[in-house]
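Structure, as structure tokens:
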Number of protein chains: 2
Amino acid sequence: MKLRRDPFQAIADPTRRAILVLLAAQTMSAGAIANNFDAARPTISKHLTVLSECDLIDSNQQGREIFYELKVDNMKKIDQWLEQFRKIWEDRFENLDNYLSQIQNKKK
Amino acid sequence: MKLRRDPFQAIADPTRRAILVLLAAQTMSAGAIANNFDAARPTISKHLTVLSECDLIDSNQQGREIFYELKVDNMKKIDQWLEQFRKIWEDRFENLDNYLSQIQNKKK
DNA sequence: TATATATGTAGCTATTTAGCTACGCAAATG
DNA sequence: CATTTGCGTAGCTAAATAGCTACATATATA
């Protein structure tokens with residue numbers, strides 16, 4: 001193996017996905033984030049480190065608190081990768097659509 | 001930890017992502033898939049097992065060959081999860097758009 | 001200034017992962 | 001019917017992961 005630090009790796013963990021969802025709503029301090037989970041605070045701290053390394057969040061200190069903010073740009077890479085599959089399921093939907101139209105026409 | 005068998009886990013590995021891309025184009029036999037990679041054939045076989053467990057591919061045997069086919073439906077789960085973030089970057093794009101319009105107007 | 005608070009780091013463990021070689025088995029072929 | 005071919009499984013290893021407790025450090029507060 002090899003340490004993978006990319007958005008795909010980042011979202012593989014459900015806790016990290018939940019953190020990202022939290023940060024999608026608002027910027028939050030490390031402690032505030034951790035309060036949303038059962039896991040120990042250092043565990044969440046580590047997840048935040050991973051998310052930073054995967055370049056999905058930014059941090060900035062304010063006093064003794066550290067605020068984390070979503071960096072939406074790298075999220076788009078997942079979206080872009082999905083593009084090629086999206087075409088397939090849209091095609092299938094179209095096919096289903098056509099099929100349903102055909103049934104409709106036969107009825108007429 | 002706990003064995004995670006979901007589409008997010010499936011696409012965390014780059015080899016598995018590449019397999020999915022291959023299968024997006026066409027159904028392929030296990031051997032044909034393996035030929036596209038440097039990894040040993042059993043390694044690819046294991047990735048195929050994981051992808052099956054994550055419910056992203058289907059297999060059916062034809063003679064001594066086993067053909068694998070993309071199951072696009074579970075891919076959509078990733079797409080659906082991304083939805084909430086897509087809103088954010090679309091908003092930002094709109095904001096940029098508005099900003100650019102304002103500049104345009106000022107020039108006029 | 002002593003204390004409380006916010007947060008990261010060190011260091012450990014159990015589990016999972018990705019990879020390999022060796023092997024087994026069923027289907028096709030000579 | 002012996003052999004080749006296609007493919008999964010067993011069993012191993014090194015590395016990564018996710019989790020924890022204990023500790024260090026810096027900032028705020030009494």
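In what follows, every chain begins at residue 1, and chains take the letters A, B, ... in the order their sequences are listed. Below, all heavy atoms of this structure are taken into account, side chains as well, without hydrogens, waters or symmetry copies.
The neighbour count for A:Asp38 CG, taken as heavy atoms of other residues, nucleotides or ligands under 6.0 Å away, does not exceed 12.
A:His47 has no side-chain polar atom (N or O) that falls below the 4.0 Å cut-off from OP1 or OP2 of D:dT17. Taking side-chain N and O atoms only, B:Gln61 has no distance below 4.0 Å to OP1 or OP2 of C:dA26. Considering only side-chain N and O atoms, B:Thr43 lies under 4.0 angstrom from the phosphate OP1 or OP2 of C:dC20. Taking side-chain N and O atoms only, A:Arg16 has no distance below 4.0 Å to OP1 or OP2 of D:dT17.
The side chain of A:Arg5 sits closest to D:dT17 out of D:dT17, C:dT17, D:dA18. Closest to the side chain of B:Ala40, out of D:dT27, C:dT21, D:dA18, is C:dT21. Comparing D:dA18, D:dC20, C:dG19 by their closest approach to the side chain of A:Ala39 singles out D:dC20.
Between B:Leu48 and B:Ile57 the shortest heavy-atom distance is O-CD1, 3.4 Å. Between B:Arg4 and B:Gln9, the shortest heavy-atom contact is O-CG, 3.0 Å. Pairing each heavy atom of B:Ala10 with each of B:Leu51, the nearest pair is CB-CD2, 4.0 Å.
Ion pairing between A:Lys87 and A:Glu90 fails under the 4.0 Å rule for side-chain N and carboxylate O.
DNA chain D is contacted by both A:Thr15 and A:Gly63; A:Thr15 maps to the nucleotide lying nearer its 5′ end (nearest heavy atom per residue).
Residue pairs meeting the side-chain hydrogen bond (donor to acceptor under 3.5 Å, both in side chains) criterion with at least one partner in residues 61-72 of chain A, sequence neighbours excluded, are A:Asp55-A:Lys71.
The hydrophobic clustering, which links ILVMFWY residues whose side-chain heavy atoms are closer than 4.5 Å, places B:Trp81 and A:Leu82 together.
When rounded to the nearest whole Å, the span between CG of A:Leu3 and P of C:dT17 equals 16 Å. Protein atom CD of B:Glu53 is 12 Å distant from nucleotide atom P of C:dT16, rounded to whole Å. A straight line from CG of A:Asp13 to C1' of C:dT16 spans 13 Å, rounded to a whole angstrom. Between the CG atom of A:Asn60 and the P atom of C:dG8 there is a distance of 12 Å, given to the nearest Å. C:dT17 atom C1' lies 10 Å from atom CD of A:Gln9, rounded to whole Å. If you measure from atom CZ of A:Arg4 to atom P of D:dA15, you get 15 Å, rounded to the nearest angstrom.
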| remark: With sugar-phosphate taken as primed atoms, P, OP1 and OP2 and all else as base, the protein-contact string of nucleotides 4-10 of chain D at under 4.0 Å (heavy atoms; B, S, -) is BBSBBB-
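Heavy atoms of A:Gln62 sit nowhere under 4.0 angstrom from any nucleic acid atom.
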